Peer 1: 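The structure that follows is given in the form of structure tokens.
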Amino acid sequence: MELRYRAPEGMNDVLPETSHLWQQLEARWREHCHAYGYREIRTPIMEYAELFERSVGETSDIVSKEMYVLQRGEERYALKPEGTAPVVRAYIEHALHSAGGVQKLYYITPFFRGERPQKGRYRQAHQFGAEIIGTALPYADAELLAMVMHFFQSLGIPADALELRLNTIGCPECRPAYREAVRTFGRENFARLCKNCQARLERNPLRILDCKECVEVTAEAPPIDPYLCDECRAHFETLQQLLKTLDVPYRRDFRLVRGLDYYTRTTFEVVAEQGLGAQNALCGGGRYDGLVEELGGAPTPALGVGIGVERTLLVLHALGIPLPEPPTLEVYVVAFGDIARPTALQVAQQLRHVGIATDLDLEGRSPKAQMRLANRSGARFAVLLGETELAQHAATVKDLHTHEQTLVSQTELPEWLRSRLPKS
RNA sequence: GGGAUCGUAGCUCAGUCGGUUAGAGCGCCUGACUGUGGCUCAGGAGGUCGUGGGUUCGAGUCCCAUCGGUCCCCCCA
């Protein structure tokens, strides 16, 4: 059939058969964050475009070719292409530092990037995010990484299905020297680099390190370690020791340089062995010690993570991890004949008022059709109302598992059912 | 932005060398049972074969274009 309207390319509907999984995942994320001392923050779905141009970087792919920009009058907005910059903006705007200490903020948000969709990559995607703002110490990095791995583990993803990749990209003090070293290396091996890397060698030489096409060449590229300043080296070494203490396995990956300009020091991602196709990063993040200041706040070190919700769902599915069943109805009310319909509605309301999930036919169907719907609904009990029951102010309750039928007075009905339904 | 691949019913798919009215399973609706579900049986609704053009006496089938889905490069969650 030719569809007149469809969802925009790369944007998906979450239908009832899967929305309960989203609810479940979201609930788990909230619980998890609360257990680690985070509080939720919600920011608008769009920001002034300049916020992302300043933070993510004008030359980054995200800003230069993937951002959805809306113009209204003089104002330029952008649908958020990532979650960190808005949180930092809100942190500054509302002076959250004044509460004292470290701010731990979590969120659940859609984000938008105008790319060609493929498996695990969409134009509207969703992410679970967590940010720790206000500490430069590696304890925060270690706790964040432990929390992320703990989250995946709590969903039932076995540890050997995931790999935490960890790197440091230094700070504005020491990175320039390393950047030069990589650039020099690139020039020396110019002919062996792909066209893309040849082009970006001058503009952003570190990016050649995570180019898949150039892995053979860049395997010989210099590692950052000798270039790190004392502070960055100490930070990274302590972080690695802490991860060992916390039993968080990781792999050092000196190619891991991220595509957003604001990262400093620690960068990381978690990749899945299977289920995700080419886009195999389940989450990514790192430190952004310069961002708060860059956006007009006081110099404030910080770090954060973004977890792809769609990708997490794909991995859970691919690994065959049992996911919770959708909630079903508990009671279905059946009216025999139009005469019983008003009472049926009334009885359904009574049951709903005491928290029993109840439904009934609203289109005047035959008793048989109503029973079919009762059966299909997953309800444990059918409440049958006909002339006989009406005359006695009662209802026939049918247990749809055992087929047992019992006559119960309408006043006792809610309690009768409640005591026989599993507690939720 | 570049590439590969696939478009027939709500879903999964058949459809011969181009040949009459385009099929199946599942799902949906109705009935067998006018107050009783699941199983069974019978019946029914639902398709401009993605769209447009071309070749032909004749196109779901061949050719061209176009739109859409999926996946890949790029990039990233």
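So you know, we letter chains A, B, ... as the sequences are listed, proteins then strands, and number each from 1. Just so it is clear, the model here is predicted, and its values are computed rather than measured.
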Peer 1: Roughly, in whole Å, what's the span from CD in A:Q370 to P in B:rU30?
Peer 2: 11 Å
Peer 1: In this structure, are over 12 heavy atoms from other groups packed under 6.0 Å from A:L137 atom CG?
Peer 2: yes
Peer 1: With a non-hydrogen cut-off below 4.0 angstrom, is A:E389 in contact with a base, only sugar-phosphate, or nothing?
Peer 2: base
Peer 1: Rounding to a whole Å, what distance do you find between A:Y5:OH and B:rG68:P?
Peer 2: 16 Å
Peer 1: Between B:rA22 and B:rC41, how many Å separate the two C1' atoms, rounded to a whole number?
Peer 2: 27 Å
Peer 1: Just by modelled atom types, is the A:G386 backbone N or O under 3.5 Å from a matching donor or acceptor in the A:E389 side chain?
Peer 2: yes
Peer 1: Reckon A:R380 has a side-chain N or O less than 4.0 Å from the OP1 or OP2 of B:rG37?
Peer 2: no
Peer 1: Just wondering, more than 12 heavy atoms not from A:R175 lying within 6.0 Å of its CZ?
Peer 2: yes
Peer 1: In whole angstrom, what separates A:L373's CG from B:rG27's P?
Peer 2: 15 Å
Peer 1: In whole angstrom, give me the gap between the P atoms of B:rU21 and B:rC26.
Peer 2: 28 Å
Peer 1: Rounded to whole Å, how long is the line connecting atom CD of A:E387 with atom C1' of B:rU36?
Peer 2: 16 Å
Peer 1: Please report the distance separating the P of B:rG53 from the corresponding atom of B:rC76, rounded so that it comes out in whole Å.
Peer 2: 45 Å
Peer 1: Go through B:rU30, B:rU36, B:rG69 for me and flag the one nearest to the A:R365 side chain.
Peer 2: B:rU30
Peer 1: Between B:rA24 and B:rG46, how far is it from one P atom to the other, in whole Å?
Peer 2: 15 Å
Peer 1: Please encode protein proximity along nucleotides 72-77 of chain B as a string of B, S and -, counting only heavy-atom distances under 4.0 Å.
Peer 2: BBBBBB
Peer 1: Using atom CG of A:D13 as one end and atom C1' of B:rG69 as the other, report the distance to the nearest whole Å.
Peer 2: 14 Å
Peer 1: Taking side chain as C-beta onward, heavy atoms only, is A:F128 less than 4.5 Å from A:Y106?
Peer 2: no
Peer 1: Taking atom C1' of B:rU36 as reference, at what distance in whole Å does atom OH of A:Y332 sit?
Peer 2: 13 Å
Peer 1: Using the C1' atom as the point on both nucleotides, what is the distance between B:rA77 and B:rA45, in whole Å?
Peer 2: 44 Å
Peer 1: Got a sec, which residues hit side-chain hydrogen bond (donor to acceptor under 3.5 Å, both in side chains) with A:R252, two or more places apart in sequence or on another chain?
Peer 2: A:N167, A:D225
Peer 1: Could you check whether A:Y48 and A:Y77 have their ring centres less than 6.0 Å apart?
Peer 2: yes
Peer 1: Looking at A:K398 and A:E404, is there a salt bridge between them, counting it only when a charged N and a carboxylate O are closer than 4.0 Å?
Peer 2: no
Peer 1: For RNA chain B, what are the stems built from at least three Watson-Crick or G-U pairs in a row, each pair having both distances below 3.5 Å?
Peer 2: B:1-7 with B:67-73, B:10-13 with B:23-26, B:28-32 with B:40-44, B:50-54 with B:62-66
Peer 1: Nearest whole angstrom, please: distance from the P of B:rC28 to the CZ of A:R372.
Peer 2: 9 Å
Peer 1: Between B:rU36, B:rG35, B:rU30, which one does the side chain of A:M371 approach most closely?
Peer 2: B:rU36
Peer 1: Between the side chain of A:E310 and the main-chain N/O of A:A125, is any donor-acceptor distance below 3.5 Å?
Peer 2: no
Peer 1: Please report, rounded to the nearest Å, how far the C1' atom of B:rG37 is from the CG atom of A:L329.
Peer 2: 14 Å
Peer 1: Above 12 or not: heavy atoms from other molecules or residues under 6.0 Å from CD of A:E273?
Peer 2: yes
Peer 1: State which of B:rG37, B:rG68, B:rG35 makes the closest approach to the side chain of A:N375.
Peer 2: B:rG37
Peer 1: Testing A:Y91, A:Y38, A:Y107 for side chain to side chain donor-acceptor pair (under 3.5 Å) with A:E131, which one passes?
Peer 2: A:Y107
